[in-house]
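Every chain is numbered from 1 and lettered A, B, ... according to where its sequence line falls, protein lines coming before strand lines. Since the structure is predicted, the reported quantities are computational estimates derived from the model, not experimental observations.
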Protein chains: 2
Amino acid sequence: MKIKLATWNINSVRLRLDQVLRFLEEEQPHILGLQEIKCQEEQFPFAPFREAGYEFIEVAGQKGYHGAATLSKLPMERLPTTFCPLGHARHVSTRVIAKGKDCDQDFEFHNFYIPAGGDVADPEINDKFQHKLDFLAAMNAYFSERFSKGDDQQVLVGDFNIAPHENDVWSHKQLLKVVSHTPLEVELLAKLQATHDFTDTARLLHDDTEKLYSWWSYRARDVMASNRGRRLDHIWVSPTLKSCVESQGKSGYKIHVPCRIWEKPSDHVPITQIMELRD
Amino acid sequence: MKIKLATWNINSVRLRLDQVLRFLEEEQPHILGLQEIKCQEEQFPFAPFREAGYEFIEVAGQKGYHGAATLSKLPMERLPTTFCPLGHARHVSTRVIAKGKDCDQDFEFHNFYIPAGGDVADPEINDKFQHKLDFLAAMNAYFSERFSKGDDQQVLVGDFNIAPHENDVWSHKQLLKVVSHTPLEVELLAKLQATHDFTDTARLLHDDTEKLYSWWSYRARDVMASNRGRRLDHIWVSPTLKSCVESQGKSGYKIHVPCRIWEKPSDHVPITQIMELRD
DNA sequence: GACTTATCCG
DNA sequence: CGGATAAGTC
């Protein structure tokens, strides 16, 4: 069966509930990871998502900031995690049960909101950057443990707050010292990826020379016109799932750019990836 | 010529600019007094009102609270006033020049935002109620001075924050101790009216037994369904203008109730009064 | 630039 | 309830 995966930093799920519902209606992903829901679990709008067909919902919320939630049409169960070094709500892990006529599998869906990291790309003088690096190290350790348990079928999605490739930013040179594209964080993300042999589905299916962005700042009038974006949002898969993504070709991966010009948009747009699971 | 007068407590003119423009487009009053514009003069949206045909604009603004503005299609000049005992921006006075083929007159247009008066109807323990009473006294003195100067053709509009008659509130009995309908403030308003022989156009044209409301609280879900309103907004005219209003009959006065159920409405609705000026 | 929480005010 | 301000975050 074909599974459609999605991720979106929504920058307040309460304020943009209608936009998420529109996206779900139009794209019908099986599973969506939301980041920056900016609410506590008790404030999360469960009912409208359930009415839209997303029966399975897992939320990690906190007051005012951060927070992640995973919505799914497919049954899933929560995988407990105590994760962020500072105790923020930045990770929702679930095991998704994908049963179809030619399919009886499950996979893990890890929904992450990696810390932005503040302004200065120096962990010595910027605690937030240090936190980002610590978080990446914690991710690495976390997946080492999961693999050691034999959990080898994994999807990682989320706002990683890192644009790793030269063509994941509008200007490699001008962003080399800007947090999100500095060598140190990019290397740490590359190390996490290499250690577990995760596949970045965007770059699996798109040539490295192609510019890909999923985020455009609020802080300029003409960011969309000048297209000064960054690819901060990612979908990664573990080795056993690589071929399931590769088989879909270029069109299996999609950045939903028009969402950035909807009324009162998030600064991020959703991305989707189709993955073919067979038994 | 027939002059259409209007007043509206807009509760933030910046937030409800589109609603004011819609009202002006639909009703085409010659002159509109706005209260609670909640902005400074430099933040006031002059341009869109001028584009809508309201070339003459006078604003008394302050930061965050209160504030009044008068918009007019007819030429008008500002009458300087230092008014509120606490220095709030609660009054815009202008002399309006009404020149038509059968008309060459002018009249004063006084746009007021009388203090709400706080919660407790006791000036001894509630400074805000004292301020309301002081403001009414200041209004009385102000008009005594104007009449002594021979300025006898006057229109007063605004949010008076007082519902004087029994049928200006949904329950006379239940509101007798609620600020806006207490005997003390009602008497002071009646005294202001009697001293200068002002005519309350709503009650000139509508029987005292008729319920009339221009305001419904935000603080209850069903205020419109249960119709628990109050008539806090008024249009008064001086003796020489009484017949100009009376000649228009009941339909000359209108409370624009549907505005209360527009999207994100003010808690007040606009009211309009037609007045026939002849030379 | 645009979210959150909070406090003030009506 | 729903404006405005102010501070904090991204």
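Within the 4.0 angstrom heavy-atom criterion, only backbone atoms of the sugar-phosphate kind lie near His66(A); the bases stay farther away. Across all strands shown, His268(A) has no heavy atoms under 4.0 Å from either base or sugar-phosphate atoms.
Comparing Gln40(A) and Lys128(B) by the nucleotide of DNA chain C that holds the closest heavy atom to each, the one mapping nearer the 5' end is Gln40(A). Summary of the strand contacts: Lys63(A) and Lys264(A) both lie near DNA chain C, and taking for each the nucleotide with the nearest heavy atom, the more 5' one is attributed to Lys264(A).
Atom NE2 of His88(A) and atom C1' of dT9(D) are 11 Å apart (whole Å). Note: CG (Asn126(B)) to P (dC9(C)) measures 12 Å, nearest angstrom.
Here the nucleotide nearest the side chain of Gln43(A), chosen from dG10(C), dG3(D), dT5(C), is dT5(C). Considering only the side chain of Arg90(B), dG10(C) comes nearest among dA4(D), dT5(C), dG10(C). Comparing atom distances between the Tyr65(B) side chain and each of dT9(D), dC1(D), dG3(D) picks out dG3(D) as nearest.
Regarding contacts with the backbone of dT5(D), every side-chain N or O of Lys38(B) stays at 4.0 angstrom or more from both OP1 and OP2. Between Arg16(A) and dC3(C) there is a side-chain N or O to OP1 or OP2 distance below 4.0 Å. Proximity of Ser12(B) to the phosphate of dA4(D): a side-chain N or O atom is located under 4.0 Å from OP1 or OP2.
Looking at Arg203(A), His181(A), Arg230(A), His234(A) one by one, the single match for side chain to side chain donor-acceptor pair (under 3.5 Å) with Asp168(A) turns out to be Arg203(A).
Shortest non-hydrogen contact noted between Phe109(A) and Leu5(A) is CE1-CD2, 4.0 Å. Nearest heavy atom pair, residue Pro45(B) against residue Leu17(B), reads CG-CD1, 4.0 Å.
Using cut-offs of 30° and 60° on the angle between ring planes, the pair Phe49(B) and Phe44(B) is tilted.
In this model, no side-chain donor or acceptor of Tyr218(A) finds a partner on the base of dC3(C) within 3.5 Å.
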